[in-house]
Participant: 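Here it is, the structure, as structure tokens.
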There are 2 protein chains.
Amino acid sequence: MRLLPHPAAADIELTEVLRALSDPVRLAVVGRLAVRGEMSCSDAGDELGVHKSTASHHYRTLREAGVVLTKQEGRLHLMSLRRADLDARFPGLLDAVLTACSPWPSPVAEPCDQAP
Amino acid sequence: MRLLPHPAAADIELTEVLRALSDPVRLAVVGRLAVRGEMSCSDAGDELGVHKSTASHHYRTLREAGVVLTKQEGRLHLMSLRRADLDARFPGLLDAVLTACSPWPSPVAEPCDQAP
DNA sequence: CGTATAGTTGGATTGTTGTCAAACAATTAG
DNA sequence: CTAATTGTTTGACAACAATCCAACTATACG
């Protein structure tokens, strides 16, 4: 099992995280990871509407921003949110984003009472 | 007193807000607005290290994303954070960002002494 | 009126980003 | 070994973004 290159928790930068989260495709990936936990790239990228190389590029952006952790197991690349690191560094940020972007039954917040 | 064109509260998009906040210059402006409340563009852009036209571009980006409200009074353009709109649409997001980017002690909990 | 102040706009430049397609690499299944 | 699966990498390209400078508008001050 190999770990891909990641920034250390202390090196995660706010602007990088915000920028990583500011793309609809990446936001969708993050939303899925929040709901389903660790996922392979192919699962995370399913029905995303972009080419697999484009998805791969987004995965790298998320990883390099410190939003997700990616480990290689066999031929799968398993991604998961760096919740603890993000919460420690930017308290409440990830939860707020997930609450704001979630069209799925949310693990992080109460169900939406009013549709936007 | 004129109001510049803004998106309606309901039309503020998460990705647009995150993108607007993902630039260091704009984040600095937002941080100042959070601490000092309504400010003119020249005050907000003071010591920012960019040309005034560049700052102006950033103001427009913030305004068009729905992060700030800009009204024209005389020859001043007064900017303020759209706190209520942002909190209603993305609860906790702005506070989390301000907490994360703030070099000052608790600027978020501090009530404005000079309300508009 | 003329001049200073506050800010926007347009052009130019330089760099970044999102996208696809094709090729590649690594692991697993037959 | 061969073929399928699972992604990454590279190249190309158009769109966007950040920056500066110069010119411009609009208001205020003498």
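Because the structure is predicted, anything quoted here is derived from the model rather than measured. Hydrogens, waters and symmetry mates are skipped; everything else that's a heavy atom, side chains included, is used. So you know, we letter chains A, B, ... as the sequences are listed, proteins then strands, and number each from 1.
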Participant: From CD of B:Glu73 over to P of D:dA26, roughly how many Å is that when rounded to an integer?
Facilitator: 18 Å
Participant: Yes or no on salt bridge (charged side-chain N to carboxylate O under 4.0 Å, His left out) for A:Asp95 and A:Arg83, after CA distance, side-chain angles and deciding distance?
Facilitator: CA-CA 9 Å; A:Asp95 282 351; A:Arg83 271 195 175 282; 3.4 Å; yes
Participant: In whole angstroms, how far is the P atom of D:dA17 from the CD atom of B:Glu64?
Facilitator: 10 Å
Participant: Please give, in whole Å, the distance from C:dT16 C1' to A:Arg26 CZ?
Facilitator: 12 Å
Participant: How many Å lie between CD on A:Gln72 and P on D:dT9, as a whole number?
Facilitator: 10 Å
Participant: On a heavy-atom basis, which atom in B:Leu14 and which in B:Phe90 lie closest, and how many Å separate them?
Facilitator: N-CZ, 3.4 Å
Participant: At what distance, to the nearest 0.5 angstrom, does CZ of A:Arg26 lie from CG of B:Leu18?
Facilitator: 11.0 Å
Participant: Measure from the side-chain N and O atoms of B:Ser56 to the backbone N and O of B:Ser53, and report whether any donor-acceptor pair falls under 3.5 Å.
Facilitator: no
Participant: Is it true that atom CD of B:Glu13 has more than 12 heavy atoms of other residues, nucleotides or ligands lying nearer than 6.0 Å?
Facilitator: no
Participant: Hey, what do you get for CG (A:Leu21) to CG (B:Leu21), rounding to the nearest 0.5 Å?
Facilitator: 11.0 Å
Participant: Could you go through nucleotides 5-9 of chain C and list every protein N or O atom that sits under 3.5 Å from one of its N or O atoms, giving the distance for each pair?
Facilitator:
residue: C:dT5; atom: O4'; partner: B:Arg75; partner atom: NH1; Å: 3.1
residue: C:dT5; atom: O2; partner: B:Arg75; partner atom: NH1; Å: 3.3
residue: C:dA6; atom: O3'; partner: B:Arg75; partner atom: O; Å: 3.3
residue: C:dG7; atom: OP1; partner: B:Cys41; partner atom: N; Å: 3.0
residue: C:dG7; atom: OP1; partner: B:His77; partner atom: N; Å: 3.2
residue: C:dG7; atom: OP2; partner: B:Ser42; partner atom: N; Å: 2.6
residue: C:dG7; atom: OP2; partner: B:Ser42; partner atom: OG; Å: 3.0
residue: C:dG7; atom: O3'; partner: B:His77; partner atom: ND1; Å: 3.3
residue: C:dG7; atom: N7; partner: B:Lys52; partner atom: NZ; Å: 2.8
residue: C:dG7; atom: O6; partner: B:Lys52; partner atom: NZ; Å: 2.6
residue: C:dT8; atom: OP1; partner: B:His77; partner atom: ND1; Å: 3.3
residue: C:dT8; atom: OP2; partner: B:Ser56; partner atom: OG; Å: 2.3
residue: C:dT8; atom: O5'; partner: B:Ser56; partner atom: OG; Å: 3.1

Participant: Roughly, in whole Å, what's the span from CG in A:Leu62 to C1' in D:dT8?
Facilitator: 16 Å
Participant: OP1, OP2 of C:dT16 versus side-chain N and O of A:Arg19: anything below 4.0 Å?
Facilitator: no
